[in-house]
Amino acid sequence: MFPGIEAYDVEVTVAERDVREALAVRPDDVEAAEELSFARNVFLPLTTACRYTCTYCTYYDPPGQATLMTPEEVRETCRRGAAAGCTEALFTFGDDPDERYTEIHDELAELGHDSIHTYLREVCEIALAEGLLPHSNPGDQTYEEMAAVADVNASMGVMLETTAEVQAHGGPRSKVPGQRLNTIANAGKHGIPFTTGVLVGLGETWRDRAESLLAIRELDRRYGHVQEVIVQPVTDNERWDGGSPSTATMRRAVAMARAVLPESVSVQVPPNLMDARDVVDCGIDDLGGVSPVTDDHVNPEYAWPALRELEDVADYAGVPLRERLPTYERYLDETWLSERVLAALDASDEAGERYRAVRADA
Ligand SMILES: O=c1nc2n(C[C@H](O)[C@H](O)[C@H](O)CO)c3cc(O)ccc3cc-2c(=O)[nH]1
Ligand SMILES: C[C@H]1O[C@@H](n2cnc3c(N)ncnc32)[C@H](O)[C@@H]1O
Ligand code: MET
Ligand code: SF4
C-alpha cells in the first residue's frame with residue numbers, strides 16, 4: 001500500500017518479488033524497439049492556477065496572478081494547430097484551479113461554469129469542432145469529475161510521478177500518491193485510454209521507481225487502459241535546484257519501465273527534456289507529443305525539436321519514425337471511444353486519414 005491510499009477506494013499493492021526483479025534490470029537486459037512514434041499537438045495551458053505547489057514546477061502562478069484561456073483563445077490555437085497538420089489538442093493545467101483562486105472562480109462564472117471540469121468539456125468540444133482530438137491532463141479528478149469529460153476526450157493522462165512521499169511534494173499543499181493512483185483507476189473505470197508516467201529525480205529511490213512502475217502495471221492489468229508510460233526527467237529551473245537525473249539514471253529507469261510493463265504499453269521519453277538518442281537502445285518506442293506551433297508550457301525553456309531532429313533520433317536508432325494519434329491504435333474503436341470522438345475523428349482531415357488507414361488494416 002502506498003502513502004495516502006487508505007483515503008481512496010483504490011487498493012494497489014506490489015509483490016516484493018516483482019520489486020526485486022525490477023531492481024535487477026539493466027539497460028543491456030532489454031531490447032530496442034523496432035520503430036519510434038510521435039504525435040503532433042498544440043499545447044493549451046487552460047489555466048496557470050493550481051491548488052498544489054510542487055517545488056520543481058514553474059508552471060503555476062500564485063493566487064491573484066493566474067489566468068484562464070478564453071474559448072476564443074482555445075479556438076484560435078486549435079485552428080493554427082489544425083492548419084499545421086496537428087491531430088491533438090493537449091489541455092494541461094493546474095489541479096483544482098478554482099479552489100482558492102478567486103479570479104479563476106470569477107472568470108469561470110462569467111463563462112457560465114461553476115467548475116473547471118465543465119469548462120474543460122466546453123473547450124474539448126471546441127477542439128473536436130476544429131478537427132483536433134482532445135487529450136486532457138487536468139491533474140487529479142474524482143470519478144464524477146472525469147464523467148464530465150470522458151466522452152469528449154480521445155485519451156487522457158496524469159503523471160503518477162512517484163508512489164513515494166517526497167520532499168518535492170512536501171508542505172501542506174501536497175500531491176498524494178494515493179490520489180494519483182485513484183485518478184488512474186477512475187480513468188480505467190470510465191474506459192479512457194490513458195497516459196501516465198514517472199518523474200525521475202524528485203528524491204525518490206530506485207525501489208520507489210520500481211514500485212511506481214509496478215503500481216502502473218497493476219492498474220493496467222485491471223483495466224487495460226494504459227497506452228503509454230512517460231519516463232520524464234525533472235528539469236532544472238528557477239524553482240528547482242535539485243538537479244536533473246544523469247544519463248545513466250535515465251537509461252536504467254527507461255530499461256526498468258520497459259522490462260516491467262507489458263509490450264502493449266509504449267515507453268516514452270520527451271525529446272525536448274533530454275537527448276532521446278541516449279536511451280533509444282533501452283526500450284523507448286515513443287517520443288511523445290511535439291508541437292510545431294506552441295511551446296511546452298511546463299518546461300518553456302526547452303524548445304520542441306523540429307521534425308528533422310526526431311528523424312535524426314530514428315536514423316541514429318536505425319528504425320522508422322511514425323506519426324501517431326494521441327490515442328494509440330488498439331483503442332481506436334467503439335469499445336474505447338465515444339461516438340462523438342469517433343465522428344470527429346472521421347470528419348477531420350489529418351487525423352481522419354490515419355484513422356481510416358487503421359480501420360482498413362483491421
Ligand atoms: O509538452 C508536454 N507534454 C506532456 N504530455 C503530452 C504527451 O506527450 C502527449 O500528449 C501524449 O503522448 C499523447 O499524444 C503529457 C501527457 C500526459 O497525459 C501526462 C503528462 C504529460 C507531460 C507533458 C509535458 O510535461 N510536456
Ligand atoms: C505535465 C507534467 O509535467 C511534469 N513536470 C512539472 N514540472 C516539471 C519539471 N520541472 N520537470 C519535468 N517535468 C515536470 C509533472 O509531472 C506534470 O504531470
Ligand atoms: C504542470 S503539471 C500539469 C498537470 C497537473 N497539474 C499535474 O501535475 O499532473
Ligand atoms: S506540477 Fe502540476 S500539480 Fe504540481 S504545482 Fe505544477 S501544475 Fe500544480
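First listed ligand is number 1; within each ligand, the first listed atom is number 1.
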Starting from atom 18 (O) of ligand 2, find the nearest protein heavy-atom neighbour and note its residue, name and distance.
Met159 CG, 3.2 Å

Distance check below 2.8 Å: does Cys50 bring an N, O or S atom to atom 4 (Fe) of ligand 4?
no

among protein heavy atoms, the one nearest atom 10 (O) of ligand 1 is Glu88 OE2, 2.4 Å

For atom 4 (Fe) of ligand 4, grab the closest protein heavy atom and report residue, atom and distance to one decimal in Å.
Cys54 SG, 2.3 Å

Which ligand 1 atoms, with their elements, are less than 4.0 angstrom from a heavy-atom of Ala39?
14 (O)

Atom 20 (C) of ligand 1 has as its nearest protein heavy atom Met159 CG, 3.5 Å

Between Asp286 and Arg324, does at least one N-O distance fall below 4.0 Å, as a salt bridge requires?
yes

Geometric class of the Tyr143/His190 ring pair [parallel <30°, tilted 30-60°, perpendicular >60°]:
parallel

Proximity to ligand 1 by part of Trp304, non-hydrogen separation under 4.0 Å
side chain

So which heavy atom in the protein is nearest atom 6 (C) of ligand 2, and how far is it from that ligand atom?
Val298 CG1, 3.5 Å

Would Asp275 and Arg277 pass as an ion pair if we require N to O under 4.0 Å?
yes

SB check Asp95 Arg173 (cutoff 4.0 Å)
no

If we ignore angles and hydrogens, is there a donor and acceptor under 3.5 Å between the side chains of Glu107 and Tyr119?
no

Per atom 13 (N) of ligand 2, closest listed option by heavy atom (Glu301, Gln232, Glu161)
Gln232

May I ask you to identify the nearest protein heavy atom to atom 18 (O) of ligand 1, giving residue, atom name and distance to one decimal place in Å?
His135 NE2, 2.6 Å

Might you confirm whether atom CD of Glu35 has over 12 heavy atoms from other residues, nucleotides or ligands at distances under 6.0 Å?
yes

Does Asn299 approach ligand 2 within less than 4.0 angstrom via side chain, backbone, both or neither, non-hydrogen atoms only?
side chain

Number the atoms of ligand 1 from 1 as they appear, then name those within less than 4.0 Å of a heavy atom of Phe43, with their elements.
1 (O), 2 (C)

Quick test: of every protein heavy atom, which one is nearest to atom 24 (C) of ligand 1, and how far off is it to 0.1 Å?
Gln232 NE2, 4.1 Å

Counting only heavy atoms closer than 4.0 Å, does ligand 2 sit against the backbone of Pro233, its side chain, both, or neither?
backbone

Count I, L, V, M, F, W, Y as connected when their side-chain heavy atoms are under 4.5 Å apart, and connections chain through other members. Are Tyr52 and Phe2 then in the same cluster?
no

Run His135 and Phe43 through ring-ring contact (aromatic ring centres under 6.0 Å, His included) and show every step you take.
CA-CA 10 Å; His135 173 103; Phe43 197 130; over 10 Å; no

Examine Gln268 against ligand 1 and note whether any of their N/O atoms are separated by less than 3.5 Å.
yes

For atom 6 (Fe) of ligand 4, find the nearest protein heavy atom and state the residue, atom name and distance (0.1 Å precision).
Cys57 SG, 2.3 Å

So, Glu16 and Arg20, do they make that salt bridge, N to O below 4.0 Å?
yes

Numbered in order shown, the ligand 1 atoms found under 4.0 Å of a heavy atom of Asn137 are 19 (C), 20 (C)

Going by an N to O cut-off under 4.0 Å, is there a salt bridge joining Asp151 and Arg121?
yes

Pairing of Glu144 and Lys189 as salt bridge, 4.0 angstrom limit
no

With distance as the sole criterion, is a donor-acceptor pair present between the side chains of Gln227 and Ser266 under 3.5 Å?
no

Here the atoms of ligand 2 under 4.0 Å from any heavy atom belonging to Val234 are 11 (N), 12 (C)

Just to confirm my output: which protein heavy-atom neighbour is closest to atom 11 (C) of ligand 1, and how far is it?
Glu228 OE2, 3.0 Å

Could you tell me whether the side chain of Ser115 reaches within less than 4.5 Å of the side chain of Asp98, counting heavy atoms only?
yes

Considering the heavy atoms of Leu199, write down every atom of ligand 2 situated less than 4.0 Å from one of them.
12 (C), 13 (N), 16 (O)

Among all protein heavy atoms, pick the one closest to atom 10 (N) of ligand 2 and tell me residue, atom and distance.
Tyr56 O, 2.9 Å

With heavy atoms only and a cut-off of under 4.0 Å, state how Tyr60 meets ligand 4: side chain, backbone, both or neither.
side chain

To which protein heavy atom is atom 3 (S) of ligand 4 closest, and what is the distance rounded to 0.1 Å?
Lys175 CE, 3.2 Å

Under 4.0 Å to a heavy atom of Asp95 - the qualifying atoms of ligand 4, by number
3 (S)

Atoms of ligand 4 under 4.0 Å from any heavy atom of Tyr59, numbered from 1 in the order shown, are 7 (S)

For ligand 2, which is the ligand I care about here, please tell me if Asn137 has any N or O atom under 3.5 Å from one of the ligand's N or O atoms.
no

Considering only heavy atoms, does Arg51 approach ligand 4 within less than 4.0 Å through its side chain, its backbone, both, or neither?
neither

So, Thr163 versus Ser212: side-chain donor-acceptor pair below 3.5 Å or not?
yes

With a 3.5 Å cut-off and no angle check, do the side chains of Asn186 and Thr183 form a donor-acceptor pair?
no

Between Glu130 and Arg75, does any side-chain N to carboxylate O distance fall below 4.0 Å?
yes

Indicate whether the side chain of Asn153 and that of Ser136 have a donor and an acceptor atom separated by less than 3.5 Å.
yes

The protein heavy atom nearest to atom 5 (N) of ligand 1 is Leu90 CD2, 4.1 Å

Numbered atoms and elements of ligand 1 in range of Gly157, under 4.0 angstrom, heavy atoms
18 (O)

Can you list the atoms of ligand 2 that are under 4.0 Å from a heavy atom of Asn237?
10 (N)

Any donor-acceptor N or O pair under 3.5 Å, side chains Glu228, Thr195:
yes

I need the contact type for His297 against ligand 1. Using non-hydrogen atoms and a strict under-4.0 Å cut-off, is it side chain, backbone, both or neither?
neither

Closest to atom 21 (C) of ligand 1 (judged by heavy-atom distance), picking from Thr195, Ile230, Thr294
Ile230

